[in-house]
There are 2 protein chains.
Amino acid sequence: MAGQRQVQRQNGVALWRQIADRVRTSIDNGEYDHSGMIPPELVLAEQFGVNRHTVRSALAALGQEGIVRAVQGRGTLIERRQRLNFPISKRTRFTAGIGGQGRELQGLLLSFDTEPASETIATHLCLATGTPVIKLEALRKVDGVPVSRSTSWFPGDRFAGIADAYRRSESITKAFAELGLADYIRTSTEISATHAEPSEITDLELSPGAIVLVTKALNTDLDGVPVQYAITRFPADRVHFTIEN
Amino acid sequence: MAGQRQVQRQNGVALWRQIADRVRTSIDNGEYDHSGMIPPELVLAEQFGVNRHTVRSALAALGQEGIVRAVQGRGTLIERRQRLNFPISKRTRFTAGIGGQGRELQGLLLSFDTEPASETIATHLCLATGTPVIKLEALRKVDGVPVSRSTSWFPGDRFAGIADAYRRSESITKAFAELGLADYIRTSTEISATHAEPSEITDLELSPGAIVLVTKALNTDLDGVPVQYAITRFPADRVHFTIEN
DNA sequence: CCCAATTTGTTCGTATGTATC
DNA sequence: TGATACATACGAACAAATTGG
């Protein structure tokens, strides 16, 4: 049975990292739930067909992420196992969607600026290229853990004070309401996945090589007029999406 | 400006692999479309803040994947760029969704079996644990390139001949129709992302460390009775999803 | 309280891979 | 093309902590 879960060598990804990724996935999938701890280092080494040192490197990385904690003589305990559910629908709201899961939310304004719309942004917001748009960068945390980093664009004339409103309310929905937009609709969402870039690793407090889920979303008012285009990055080991039809 | 896109060292992922991943993403995003080729090695080396040898290793890997082709004296040409769009809605259909993009589709039956429903599967299909279900493994290709690998479960009594019907028609929709189910609805979809496991690397023809998008989906008939639960894995550098509300 | 088994922690050494110059 | 520095991976051995008889 040994070697069944073997990892691959010399592919530019260190063995300890491949093992860390696999163990993290197993923890997320609840495969070790019965005991609350992961198998002994020697057992994992046997399963993956590597030396115990290599497994230890992997577990050290997971320990650094706060996912496991090793206790001498006992074993390696699972510290944190959380994958937030983020529902996507016509009424997609970050605060309401995550907040319902009994967590403490934060929405931090990282930066904002007014700039002329690029061709891409103008197309999405149905504006002429070069029209002033407000670009807003925000970081969201749940229970103190970063769960998303977004870059949003708003029509500049209509939502002039949105950055300030967002800073105070920490919610896009509330900021919109302050500016007279009582309701809006998620018109389309595109989902992809990629490796985290250095800036995301910093902002989202990820370990290098981590995976981010990327959404590109368009929100419109009830008349179908675009009010926000947003690109948001979620750490894939902390978040998943659900779509209910 | 140099160093803006810098990569990170000593994190279990070799620099050449990080660069290969980033360049592959850039190609997929069409960032080099104007010229049809990627920047010279020395320019990339400058951008990423690494030695030219390291860039060469990255491009060699991309060449091995058939994504770029280096021509002495000219530069490195983009050979293949494809990221399929997979729409998710109440009427999600693989064949119709991808087929509309003018591609050649294949649906290969890898294996099938009848087994007693596990607790998880029984819950999703609204059956009693242990009820016979049909488990069906399939691989889908577009223009000969693997784009998904799925494991599906069907209520055993109602869809006894589905494996055979799928083998002939290469389509779940057609197989359902053969068995008297004219229409069905995608009730819920869960989306997450993770690293590809060795078996997926083989089946989907991926390189190790690749990212897979994972969907867990429930299809029901028009009365809301579950007809299929499926876990499907898509290579993240070949596919993305869109949700229209 | 002691003992044995289990499990993590640490320290040698050696070989190979990665990256720069 | 070497030369150099560091990261990765393996192997063997031993130390320290925990558990259960």
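Order of the sequence lines fixes the chain letters, A, B, ..., with proteins taken first and strands second; residue numbering starts at 1 for each chain.
- Between B:Tyr166 and B:Phe112, a ring centre-to-centre spacing not shorter than 6.0 Å is recorded.
- The aromatic ring centroids of A:Tyr229 and A:Phe154 lie 6.0 Å or more from each other.
- Distances were taken from every side-chain heavy atom of A:Arg74 (C-beta onward) to each of D:dT8, D:dT19, C:dT7; the shortest belongs to D:dT19.
- Position along DNA chain D of the nearest nucleotide to A:Gly73 versus A:Arg52 favours A:Arg52 as the more 5'-ward residue.
- A heavy-atom distance below 4.5 Å is not found between the side chains of B:Arg149 and B:Phe234.
- Between B:Asp237 and B:Arg24 there is a salt bridge, with a side-chain nitrogen of the basic residue lying less than 4.0 Å from a carboxylate oxygen of the acidic one.
- Note: B:Ile172 CD1 to B:Ser152 OG = 5.0 Å, rounded to the nearest 0.5 Å.
- When rounded to the nearest whole Å, the span between CG of B:Leu15 and C1' of D:dC6 equals 12 Å.
- Between A:Leu77 atom CG and D:dT19 atom P there is a gap of 10 Å when expressed in whole angstrom units.
- Near DNA chain C, meaning a heavy atom under 4.0 Å away, the residues from residues 55-62 of chain A are A:Arg56.
- Residues B:Thr242 and B:Ile88 have side chains not in contact (no heavy-atom distance under 4.5 Å, counting atoms from C-beta outward).
- Of the candidate nucleotides D:dA9, C:dA19, D:dT18, C:dA19 has the atom lying nearest to any side-chain atom of B:Trp16.
- Side chain to side chain, A:Glu119 and A:Thr129 fail the donor-acceptor criterion of an N or O pair below 3.5 Å.
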Inset, instruction - Just do the side chain to side chain contact (heavy atoms under 4.5 Å, CB included) check on A:Thr25 and A:Arg22 with the steps written out, would you? - result: CA-CA 5 Å; A:Thr25 303; A:Arg22 300 264 301 266; 5.7 Å; no
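- Bending across the helix from C:dC2-D:dG21 to C:dC21-D:dG2, expressed as the angle between its end axes from five pairs apiece, amounts to 20° (10° rounding).
- In this structure, A:Ile19 atom CD1 and D:dC10 atom C1' are separated by 12 Å, rounded to whole Å.
- Remark: C1' of C:dG9 and CG of A:Leu42 are 13 Å apart, rounded to the nearest angstrom.
- Mapped onto DNA chain D by nearest heavy atom, B:His53 and A:Asn51 fall at different nucleotides, with B:His53 at the one closer to the 5' end.
- A:Val133 places a side-chain heavy atom less than 4.5 Å from the side chain of A:Leu125.
- Distance, B:Glu41 CD to C:dT20 P: 14 Å, rounded to whole Å.
- With rounding to whole Å, A:Arg69 atom CZ is found 15 Å from C:dT7 atom C1'.
- The interatomic distance linking B:Gln18 (CD) with C:dG17 (P) rounds to 20 Å, in whole Å.
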